[in-house]
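Computed from a predicted model, the values in this text were never measured in an experiment. Both counts, for ligands and for their atoms, begin at 1 and track the order of listing.
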Amino acid sequence: MSVNLTKPQMMLHQMVTDFADKKVKPFDMQIDKDRDYPKELWEGIVNTGFLGLTVPEEFGGAEFDAIASSQTVYDLAVRNASIAFTLEGHYKTVDQVIKYATPALKEKYLPQANHRIFGFSSTEPQGGSNIMGNTANAVKEGEKWILNGNKTMITNGGLAEVYCVLLKTSPNELSCFLVDEDMPGFKHGKREEFIGMNGTPVGEIFLENVVVTEDHLLGKLGQGVEIGDQAHYDARILMGAIAAGIAEHALTIAVDYAKQREAIDTPIIQLHSIQTKITEIAIAKENAQLLYQEAAKLKVEGKPYAKVATMAKSYGSRASVIAADHALQVLGGYGYSREYPVEHLIRDSRALQIAEGSLEKMMIEITKEVVKEREE
Ligand SMILES: Cc1cc2nc3c(=O)[nH]c(=O)nc-3n(C[C@H](O)[C@H](O)[C@H](O)COP(=O)(O)OP(=O)(O)OC[C@H]3O[C@@H](n4cnc5c(N)ncnc54)[C@H](O)[C@@H]3O)c2cc1C
């Protein structure tokens, strides 16, 4: 661990690992198969205060920082990546409400973030990478905004009740609005048939003449791209933590299996080729962890963290797929079987190369930062 946890963070870490061992770990494969969380697990997530982890104390939350939230997401991802992904979608959205909402909107919605799931919505059916090509829009009428459009692929879409949505407010301008599923004209659409992260619904919403007051605008008019970027950077720290968690999960499965599986009268862990794979998984996990922890530390210290957060997700998203693939190979035929928990780690980790900015887009961003640093 590259960060030193404070005493409250240590206590949180202990509580999360106890919870995850009892309520998450036993259901890892069931969550993947059922495409849902067991009722008891979900009630535990809500009742134990996971949703309010980052909500400021004045709004009833626990006000933990990015070091604690990423540690929590990691601790859960080691047992099941999907539940960690659900919280990632919630935390990064709550972060933007904390940063950009008016005092009145915070007063109304942040207490609700302790028990209602939030989601961040940018992608539309015609494209996710090119957000200026979006068509969903907000039009001002007197003191109100009228919102219209179709948004897709929202992490927690359907499960979330509150959404931060990027909408066109003029042809070259995006702004961010907070909408509630209870508003007339708001409808949930279909859930995506994704191959992994199966506990987390990823779905669409429809806005049909949804009317909101001025204070549902987050930040300033036209600040949508900045808020979307900010949501990505906050999310990428957590995505890095999920990637490291998946790699750790793969490592545990591979080591446990290799110690008991025999070939030529010796456990396969004695074989050089197996040791190579276990070493690669361990290095992948360690590197992924160092990167997201460094990004979280920079965020907590109030330093720029966008580049390292993007590196954490960029590296972690590839490292976790490779780690899961090595683990599959260690388990041989059983690794390829749905009866063992390795194959879903590959499907889960693959999502991390697309959600919160595709690998290709992140590489462009990192290169831009690296070039800029050398010109300064
Ligand atoms: C599990 C999951 C969860 C998601 N959660 C959310 C969410 O919570 N909220 C949300 O708004 N969206 C979410 N998304 C959508 C995600 O953000 C988009 O899938 C992503 O931005 C890519 O957009 P796209 O799928 O439309 O692909 P496209 O934008 O059509 O891209 C297709 C391919 O072209 C590449 N490409 C596109 N433009 C460029 C470029 N300029 N330079 C280089 N390569 C490029 C992409 O990298 C990709 O490989 C989620 C997606 C997944 C899989």
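Below 30°, between 30° and 60°, or above 60°: for Trp42 and Tyr37 the angle between ring planes is below 30°, a parallel geometry.
Salt-bridge formation is detected for the pair Lys299/Asp234: a Lys NZ or Arg NE/NH1/NH2 atom is positioned less than 4.0 Å from an Asp or Glu carboxylate oxygen.
Residue pairs that meet the salt bridge (Lys or Arg N to Asp or Glu O under 4.0 Å) test with at least one member in residues 304-331, sequence neighbours left out, are Lys307-Glu373.
In this structure, Met362 shares a hydrophobic cluster with Leu359, Met363, the cluster being traced through Ile, Leu, Val, Met, Phe, Trp and Tyr side chains under 4.5 angstrom apart.
Between Tyr163 and Phe186, the ring centre distance stays below 6.0 Å.
The salt bridge (charged side-chain N to carboxylate O under 4.0 Å, His left out) test applied to Lys361 returns no partner, not counting sequence neighbours.
The immediate protein surroundings of ligand 1, defined as residues with any heavy atom under 4.0 Å of it, consist of Phe85, Lys92, Phe120, Ser121, Ser122, Thr123, Gly127, Gly128, Ser129, Met153, Ile154, Thr155, Phe194, Ala351, Ile354, Ala355, Ser358, Glu360, Lys361, Ile364.
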